Amino acid sequence: MATAQSFALIDCNNFYVSCERVFNPALEGKPVVVLSNNDGCVVSRSNEAKQAGVKMGVPLFKITDLVRSHGIITLSSNYALYGDLSARTMSLLGKFCPQEVYSIDECFLDFSAIKDRNQHGLMIKQAVKQGIGLPVCIGIGPSKTLAKLSNYIAKKYPQSEGVFDIASLSESKQDLLFRSIDVGEVWGVGRRLLQKLNRMGIMTVKDLRDANAERIKQSFNVVVQRMVLELQGISCSALDNSSAPRKQIISSRSFGNTVRTLGELEEALTSYAKYAIEKLHSDGTQAHIVQVFIQTSRFAQGEDYYGDYESLRLANPSNDENIILPTALSLLQRIFKPGYAYQRAGIALMELTPAQSQQLSLFSMTAQTQTKTEDEPPKAERLKQVLNMTNSALGSNALYLAGQTLKEERWRSRSEHRTPAYTTSWDDLPIAQA
DNA sequence: TCTGGGGTCCTAGGACCC
DNA sequence: TCTGGGGTCCTAGGACCC
């Protein structure tokens, strides 16, 4: 007899806040929030901050009273730290079962072969707490959608001890539970879909589970149809452990202050492009399409909104700064309009392919055979190597390209509550007191 | 003063071809 | 010039996720 399919979703609790607590235990038990880039919005909240009434995604300036009255600790986000703790956690979890890493703080494990699933979940939870210091919750179910829902239940009901298997409930108890949960909690139901479902009288998880899948497909699309089937325990999405390569790289930021000149936009874009190109190199990929975009603020009163983008398909896929940067800057010139207060810019690199499979055009092959001497890497290649080596040894701003100056940078993001990069920067290693 | 950033998937509709 | 249907490919935009 084949074993029934089973998935576990492991999700770190309040991930960014929990990462900060690993290195600063004094934050334990206190209301803490982590802010987005530019210290703009709240992107992670401790339970105490949630209880104080801080909503997810709220702009910091709207909760200054709450911050003061509850003594909420506000921290700038520290992605180097979170990325490092995430990698360690995922590597540990991958040792237990076949794994699909789903996001920085979540992964699915294939539990099909596990006998006592609840017990196994508790053991994994304990291992992450001991090995990394992070608290996690684990939801278990016969489809990914049900595993996600179980995880929600594990978080919500303390008596679950952070591990919940939906299959452990009788049918009637499942009905009772699903009738008590809003349909908006289902994975994939966002704001718009929720409205439309509600208008059709589908209010709870049970309503959606018991809907007719074919009719749902007619009224919506295959995505919602799959949700219905997955809620019924029919898995429509297998565990994907292929770690499929990224399809695009986007690098963009809101500015610390709005900027009006092309020169400032060029500086900012150069910095973002450099970061995106570093990612190409670390992924071992190259991009075929370069896209650049700029925007004014959507919130500025009395100012017209302006935003535009332009893209260009390169003759050959490239990961070369000397090709991508000039391309990006020329695209920027095409969309820049004077007279606007720009608030954000970005670059997207698309149609990524492995770097070694480069197809050279006839033109560039000719050009290269003419300039290249034996055993000598092309100039651009050597420059790239030097930049990469220096920056990885000395920090990412040790060497920078001419467009990227270090004078006053109005566009540079604010980050006024940053904690040290404990695990990824020599300068920030914690010091043990004797 | 101050409103994130980086992704994926799906679909509708246009362009084009036969 | 008109007329038709069907197929494919591409792109923009919507919706959602964390």
Side-chain angles (χ1 to χ4, degrees), chain A residues 9-17 33-45 55-65 67 74-79 82-83 86 90 100-108 144-145 148 151-152 184-197 217 220-227 236-237 240 243-258 272 275-276 279 283 288-289 291 293 295-301 305 307-311 313 341 343-352 410 413-417:
Chain A
L9 178 76
I10 292 86
D11 186 321
C12 299
N13 306 346
N14 314 329
F15 182 57
Y16 296 168
V17 166
V33 298
V34 171
L35 304 170
S36 65
N37 260 312
N38 229 13
D39 294 343
C41 299
V42 170
V43 290
S44 180
R45 308 160 291 160
K55 297 270 178 275
M56 184 63 176
V58 71
L60 178 60
F61 76 90
K62 282 191 177 170
I63 54 164
T64 43
D65 288 348
V67 167
T74 56
L75 302 172
S76 300
S77 41
N78 185 342
Y79 290 104
Y82 313 149
S86 170
M90 295 306 166
E100 172 184 342
V101 176
Y102 177 69
S103 75
I104 191 165
D105 72 330
E106 279 174 71
C107 78
F108 289 101
K144 286 183 182 172
T145 303
K148 286 279 274 189
N151 193 283
Y152 166 83
E185 300 298 339
V186 174
W187 189 29
V189 177
R191 218 181 59 243
R192 305 301 285 266
L193 198 49
L194 178 64
Q195 281 175 11
K196 212 173 154 191
L197 287 167
K217 188 184 174 185
F220 297 89
N221 52 43
V222 292
V223 181
V224 188
Q225 181 192 30
R226 268 181 233 151
M227 285 179 206
C236 302
S237 162
D240 176 11
S243 64
R246 234 195 300 252
K247 293 180 177 170
Q248 56 178 18
I249 292 171
I250 299 176
S251 170
S252 79
R253 294 275 182 286
S254 289
F255 303 141
N257 302 98
T258 57
Y272 306 155
Y275 177 71
K279 268 195 180 170
D283 283 11
H288 211 147
I289 295 176
Q291 184 174 88
F293 55 92
Q295 296 166 359
T296 63
S297 171
R298 293 182 184 276
F299 300 98
Q301 311 238 322
Y305 173 76
D308 201 2
Y309 66 90
E310 273 278 358
S311 39
R313 168 174 281 267
Q343 201 250 334
R344 178 180 158 93
I347 179 172
L349 304 176
M350 298 182 289
E351 278 191 25
L352 306 184
R410 292 174 41 78
S413 291
R414 269 188 286 272
S415 184
E416 288 161 6
H417 315 271

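Within every chain, numbering begins at 1; the chains are lettered A, B, ... in the order of the sequence lines, protein sequences first and strands thereafter. What you are looking at is a predicted structure, and each value in this text was computed from that prediction instead of being measured.
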Check your understanding: At under 4.0 Å between heavy atoms, what does A:E106 touch on the DNA or RNA strands: base, sugar-phosphate, or nothing?
Key -> sugar-phosphate
Check your understanding: Taking the side chain of A:N221 as its heavy atoms from C-beta onward, which of B:dT11, B:dG4, C:dA15 lies nearest to it?
Key -> B:dT11
Check your understanding: B:dT3, B:dT8, B:dG4: which one has an atom nearest the side-chain heavy atoms of A:P59?
Key -> B:dT3
**Study point:** Euclidean distance, atom CG of residue A:L194 to atom P of C:dA15 [Å, nearest integer]
**Key:** 13 Å
Practice item. Just call it for A:I250: base, sugar-phosphate, or nothing, with non-hydrogen atoms closer than 4.0 Å on any strand. Key: sugar-phosphate
Check your understanding: Where the side chain of A:N151 meets the backbone of A:I10, is there a donor-acceptor pair that is under 3.5 Å apart?
Key -> no
Practice item. Using the P atom on both, measure B:dC2 against C:dC18 and round to a whole Å. Key: 30 Å
Exercise for review: Identify the heavy atoms of A:R344 and A:F255 that sit nearest to each other, and give their distance.
Suggested key: N-CE1, 3.5 Å
Review point. Which nucleotide sits closest to the side chain of A:R344: C:dC18, B:dG5, B:dG4?
Key: B:dG5
Check your understanding: Which residue lies toward the 5' end of DNA chain B, A:N38 or A:R246, if each is placed at its nearest nucleotide?
Key -> A:N38
**Study point:** Touch class at under 4.0 angstrom, heavy-atom based, for A:Q195 against every strand present
**Key:** nothing
Review point. In terms of the nearest nucleotide of DNA chain B, which residue is placed more toward the 5' end: A:V222 or A:Y16?
Key: A:Y16
Practice item. Look at A:Q343 and B:dT3 and indicate whether a side-chain polar atom (N or O) is within less than 4.0 Å of OP1 or OP2. Key: yes
Exercise for review: Looking at every strand, decide which applies to A:L35 at a 4.0 Å heavy-atom threshold: base, sugar-phosphate, or nothing.
Suggested key: nothing
Practice item. Mind checking A:R414 for me? I need base, sugar-phosphate or nothing, with any heavy atom below 4.0 Å counting as a touch. Key: sugar-phosphate
Check your understanding: Reckon A:F15 touches a base, only the sugar-phosphate, or nothing at all at heavy-atom distances under 4.0 Å?
Key -> nothing
Check your understanding: Checking all strands, does A:K279 fall into the base, sugar-phosphate, or nothing category for heavy-atom contacts under 4.0 angstrom?
Key -> sugar-phosphate
Study note, to complete from the structure: In whole angstroms, the gap separating P of B:dT11 from CG of A:L193 amounts to 13 Å
Exercise for review: Might you point out which heavy atoms bring A:N38 and A:R414 nearest each other, and give the distance in Å?
Suggested key: OD1-N, 2.8 Å
Check your understanding: In whole angstrom, what separates A:M227's CE from B:dC9's P?
Key -> 15 Å
Exercise for review: Check the geometry between A:F299 and B:dT3 and answer yes if their rings are stacked (centres below 5.5 Å, planes below 30°), otherwise no.
Suggested key: yes
Point to revise | Crowding at NZ, A:K279 (>12 non-hydrogen neighbours, <6.0 Å) | key: yes
**Study point:** Below 4.0 Å: OP1/OP2 of C:dC18 and any side-chain N or O of A:K148
**Key:** yes
Review point. When you look at CZ of A:R410, are more than 12 heavy atoms from neighbouring residues, nucleotides or ligands closer to it than 6.0 Å?
Key: yes
Check your understanding: Between the side chains of A:R226 and A:S237, does any donor sit under 3.5 Å from an acceptor?
Key -> no
**Study point:** Atom-pair distance (CD on A:Q295; P on B:dT3), nearest Å
**Key:** 13 Å
**Study point:** Atom-to-atom span, CD of A:E100 to P of B:dT8 - whole angstrom
**Key:** 13 Å
Practice item. Look at the aromatic rings of A:W187 and A:Y102 and report parallel, tilted or perpendicular, splitting at 30° and 60°. Key: perpendicular
Check your understanding: Counting any heavy atom closer than 4.0 Å, what does A:T64 reach on the DNA or RNA strands: base, sugar-phosphate only, or nothing?
Key -> nothing
Exercise for review: Kindly point out which of B:dT3, B:dT11, B:dG6 is positioned nearest to the side chain of A:S252?
Suggested key: B:dG6
Exercise for review: Pick base, sugar-phosphate or nothing for A:N257, based on heavy-atom distances below 4.0 Å to the nucleic acid.
Suggested key: nothing
Review point. For B:dC18, which nucleotide in any strand shown is its Watson-Crick or wobble partner with both distances under 3.5 Å?
Key: C:dG5
Review point. Rounded to whole angstroms, how far apart are CZ on A:R192 and P on B:dC9?
Key: 22 Å
**Study point:** Interatomic distance where OH belongs to A:Y272 and C1' belongs to B:dG5 [whole Å]
**Key:** 11 Å
